[in-house]
Each structure stands twice: as C-alpha cells, then as structure tokens.
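Nothing here was measured: the structure is a model prediction, and the numbers come from that model. Each chain gets a letter, A, B and so on, in the order the sequences are listed, and its residues count up from 1.
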There are 2 protein chains.
Amino acid sequence: MDTRVPNIVVGRLPIYLRSLEHLAEQGHGIISSHQLAALLGTSAAQIRKDLSHFGEFGKQGTGYHIPYLIVQLKRILKADQEWEVALVGVGDIGHALLRNRDLPRRGFRIVAAFDSDRDKVGTRFGQVTVHELEQLAQVIQGQGIQLAIVAVPPAAAQTVTDALVAAGIRGVLNYSPIAVSVPDHVRLQQIDPVTHLQHMTYYG
Amino acid sequence: MDTRVPNIVVGRLPIYLRSLEHLAEQGHGIISSHQLAALLGTSAAQIRKDLSHFGEFGKQGTGYHIPYLIVQLKRILKADQEWEVALVGVGDIGHALLRNRDLPRRGFRIVAAFDSDRDKVGTRFGQVTVHELEQLAQVIQGQGIQLAIVAVPPAAAQTVTDALVAAGIRGVLNYSPIAVSVPDHVRLQQIDPVTHLQHMTYYG
DNA sequence: TAGATTGTTAATCGATTAACAATC
DNA sequence: TAGATTGTTAATCGATTAACAATC
C-alpha cells in the first residue's frame, strides 16, 4: 500500500473497473486475477500488483468478490460520486456526447454546454441548454464544475482550454486533434482517433 | 536504429507527427527537440531517443527540419498512404465519424458503413452507403479493407469484432465502452471517454 | 570560430514478472 | 485436508534520463 501510486497503474484501474462491471452485469460473482488477466489481455501478476498499491481486496484460494472489488475501485477512482462536466463545442462529437447514455450511467453528467455558434445557443439537449462561450467562466464557477470536455475545431482548442483553466477547471478531456497545453495543476487527456489508427498502421 | 521498436515508442510517433503538422501549418520550418518537448510536455532526450530508433533526422546545432521530419514519420507510420476504413454502427458516434473531415485529411477514409437497423441501411453519407451487417464480410473482403471502427452498443461489440476479424480485418478501433478481445495478429485500440475521465478524477 | 543541438552511450530509474509463503 | 489463489518480495526487464563527443 504505497502513498505514491504510479500514474500508469492509475490508468489501468478504470479498465479493470469497466470489465468488472461488465462481469457483474452478466451475473458473475467471483473472479481470479488469472481470469481477469485473460479477459483483458494482461497478466495476473500485474493485476495483483496494481491492486496491492491500494489494499488487500482478494481472498486466497478463491479470488476476488466482484461486487466488492467494484466498490473499492470506485472509491479509489472517486467514481462513487457523480461528476458534473462542462462541454465546450456542440458539433457532431459534442452532440454525440450529449446523447451518450453511458456517461451519466457511469457517473459523468454533462450539466453545461457552450458553443460559439449563435444558432446553437439556447437549444436544449435533455436537461442541458447551450450557452454562449462568454458565459463559460460564470457558469463553471457558479456550479463549481471541475471537469470539461473540449470538442471544438482545432483552431479554437487552446483558447477554449485556457478559458476553462482560468475558470477553475481541474481536468480537461480534449477531443480536438491538436496538442493543447495546461498548467501542472490541471489534468489533461486526449482522444484522437487518427493517432490510434496510426499506432495500428505502423504494424500494418 | 533498432529492428525491434518498443510499442510505447510507436505510440508516441503519431503525437509527434500531429504536433509537427500543426507547426508546419503555422509556417514553422525548424524545431529543436527541446522546443518540441516543451510543446508536448515531454523531454527532449525522449524525443531524440525515440527518433533514433528509426534513423537520423536532425542536424547538430540546428534541430529538425519540420517538413522533412513529417515525411519521415509518415513513412514510418505508413501514414504516407490512404487507408480505407470500415465503420460498424451508424449511431451518434458513427455519424460524427462519417462527418469528421479530419480522418480523410489525415489519410483515413471511411469507405463502408454497416448497421443492423434496417431504417439506416441504404442511407448515404457523402460517398458512403450504409450496408446491412450481413454484407460485412463480402464488402470488407471485396475491397480489401484492413481497418475497422466499431461504434455499436456494448452488447453487440464482441460479435461485431469477431465478424470483422473473420473478414480479415487487421486493426480495430473500438468505441464501445467494453473490453473486446481479438486474436494476436489483429491490432486493437480502445476509445472510452469514461476511462479517461476516471483517470483524472483519481487525482481530483 | 563559437554556440547550439544532435545521436548515442551509460547510468538511473521504474515497471513487470516470477516465485512462493501465507492462507482461504 | 488438498488445492487454489492471494499479496509481496526479489529478480529481471525495459524505459527514461543525463551526459557528452560529434558536428553543423
């Protein structure tokens, strides 16, 4: 049980959690590190070592009680609470994210959306109304929103990210196919299908 | 210049490439490893070491000629050719991908789409007509398509992936929030916003 | 030339794996 | 109990960093 957990280990926990939740939905109750490793294409030793950073969650001779491990992983990842998310950019990707039921199901609720297009401002998606970009700081600070998804065209991504950071956002998930920079105290994750595809074509 | 390049290094090349292309668009001609590292939040030594696996692309005292390095990285990643991609699932995400101009701009053209919904079959998105799932193998084999994007509901993801593998697909980019498995000879990449968000909330 | 930066080597650091005592 | 599997230690493996000769 370390005090300082490697970032790469933290990044694997959500993958374990996702798989365990899927197993639970299918009615599985217990799983061994070897079974989970086979399912995920990783190694049993790695799973046990990763989990050992946080405590002892299994039982010798048996394995892991899936619902219990889910509870523990959710607690560790702070996924046992609901997170409010701001969305900037209501184009095709933003639209897909607003309609995505998996995000709220797993604890991430888009509670505010922003777009620079006046025609989109005022439109509603479920509970969410699209605001002007000018209201970004006010809404984010007013609601204490800590996470944001950037889904704007590349040319606007850094400006929008800077505005989010200035508004107090703690983590940014960037869908724009461009590297944005954030200060050290802000977390950044990037989603770009092309980089994933290029990683595969290398081996092609 | 190794024969065996670490996978983690391969995964960084597309990120370097994306940044260099952005720099080139902005009119930059030369960049040093230190400048690029600062831009990407990595280290100059890592960039130089990564590139050294493939050859010598820089000039002492000067740095890297951006257009030349772009050409080299594209060659290494096989991004100097156009790749045809099959899309399975024309929901919100599939729709966003079909309309995404960045994919073709960077060499990935969705040339076939499939959906199980009879109402969607036959509809067109630009050059692409939505086919029945039943035609998947025939179309993929007929056109020699090597890459596929899976954007179907979780319950269908593994079945669809199996069908793609059976049809001869070499790489799968999975947008379904579920771990799918593929045989060793098939490359797999996963995009799931929730896992990225959970990676950030851990530190929250 | 003087200054700067590469490519590479060696050292360091960190992550993964193997092995096994503990124990269910 | 016998068999199985965990959690952890130590060994191995691999990646990152630091340093510098080469050289533009």
Side-chain angles (χ1 to χ4, degrees), chain A residues 1-16 19-20 23 28-73 75-76 184 199 202, chain B residues 1-16 19-20 23 28-73 75-76 184 199 202:
Chain A
M1 176 119 70
D2 299 349
T3 36
R4 183 64 181 151
V5 178
N7 184 54
I8 197 163
V9 172
V10 175
R12 284 193 292 258
L13 299 187
I15 294 166
Y16 300 160
S19 218
L20 291 164
L23 288 163
H28 292 87
I30 300 278
I31 196 166
S32 72
S33 57
H34 285 91
Q35 291 172 313
L36 186 58
L39 222 51
L40 293 172
T42 179
S43 77
Q46 181 165 85
I47 291 172
R48 295 203 303 279
K49 187 83 163 84
D50 284 354
L51 296 177
S52 75
H53 286 96
F54 304 96
E56 306 186 1
F57 307 120
K59 192 182 280 190
Q60 283 101 326
T62 308
Y64 299 89
H65 185 242
I66 293 174
Y68 177 72
L69 187 50
I70 288 172
V71 166
Q72 294 302 319
L73 285 175
R75 176 182 55 75
I76 293 163
D184 282 346
H199 191 160
Y202 170 82
Chain B
M1 178 119 69
D2 300 349
T3 36
R4 183 63 181 152
V5 178
N7 185 54
I8 197 162
V9 172
V10 176
R12 284 193 292 256
L13 299 187
I15 294 166
Y16 299 161
S19 218
L20 291 163
L23 288 163
H28 292 88
I30 300 278
I31 195 166
S32 72
S33 58
H34 285 90
Q35 291 172 312
L36 186 58
L39 223 50
L40 293 171
T42 179
S43 77
Q46 182 166 83
I47 290 172
R48 294 202 305 278
K49 188 81 163 82
D50 284 354
L51 296 177
S52 76
H53 286 96
F54 304 96
E56 306 186 0
F57 307 120
K59 191 181 283 189
Q60 283 101 325
T62 308
Y64 299 89
H65 185 243
I66 293 173
Y68 176 72
L69 188 49
I70 288 173
V71 166
Q72 294 302 318
L73 285 175
R75 176 183 55 74
I76 292 163
D184 282 347
H199 191 158
Y202 170 81

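- In this structure, the side chains of V9(B) and Y202(A) stay at 4.5 Å or more apart for every pair of heavy atoms.
- At a threshold of 4.5 Å between non-hydrogen side-chain atoms, the residues I15(B) and T42(B) do not count as touching.
- In this model, the phosphate group of dA15(D) is not approached by any side-chain N or O of R4(B) to a distance below 4.0 Å at OP1 or OP2.
- Here the closest non-hydrogen pair linking P14(B) and H199(A) is CG-N, 4.0 Å.
- Between dT8(C), dT16(C), dT8(D), one nucleotide has an atom nearer to the side chain of Q46(A) than all others, and that is dT16(C).
- Across the protein-nucleic acid pair, I8(A) atom CD1 and dT17(C) atom P stand 11 Å apart, rounded to whole Å.
- If you measure from atom CZ of F54(A) to atom P of dT6(D), you get 18 Å, rounded to the nearest angstrom.
- Atom NZ in K49(B) sits roughly 14 Å away from atom P in dA18(D) (whole-Å rounding).
- For Q35(A) (side chain) and S32(A) (main-chain N/O), a donor-acceptor pair under 3.5 Å exists by modelled atom type.
- Nearest heavy-atom pair across L39(B) and S19(B) is CD2-OG, 4.2 Å.
- For Y64(A), taking side-chain heavy atoms from C-beta onward, the closest of the listed nucleotides dT17(D), dG7(D), dT17(C) is dG7(D).
- Across the protein-nucleic acid pair, H34(B) atom NE2 and dA18(D) atom P stand 10 Å apart, rounded to whole Å.
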For DNA chain C, just give me the dot-bracket, please: Watson-Crick or G-U, both distances below 3.5 Å, ( ) intra-strand, [ ] crossing earlier pairs, | paired with another strand, . unpaired. ..||||||||||||||||||||||
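- Side chains of Y64(A) and I30(A) form no contact here, defined as non-hydrogen atoms less than 4.5 Å apart.
- Separating the CD1 atom of I30(B) from the C1' atom of dT6(C) is a distance of 13 Å, rounded to the nearest angstrom.
- Between I31(A) atom CD1 and dA4(D) atom C1' there is a gap of 15 Å when expressed in whole angstrom units.
- Put simply, CD1 on I47(A) is 13 Å from P on dT5(D), counting in whole angstrom units.
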Contact list (N/O, under 3.5 angstrom) for nucleotides 19-21 of chain D vs protein:
| residue | atom | partner | partner atom | Å |
| --- | --- | --- | --- | --- |
| dA19(D) | N6 | R48(B) | NH2 | 3.2 |

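- To the nearest 0.5 Å, the span separating CG on L73(A) from CG on L13(A) amounts to 6.0 Å.
- Atom-to-atom, CG of L69(A) to C1' of dT6(D) comes out at 13 Å; the value is rounded to the nearest Å.
- Between L51(B) and L69(B) there is a side-chain heavy-atom pair separated by less than 4.5 Å.
- Proximity note for P6(B) (side chain, C-beta onward) versus dA15(D), dG7(D), dT16(D): the nearest is dA15(D).
- To the nearest 0.5 Å, atoms NE2 (H65(A)) and NE2 (H28(A)) are separated by 13.5 Å.
- Nearest-nucleotide positions on DNA chain C for S33(B) and T62(A) put S33(B) closer to the 5' end.
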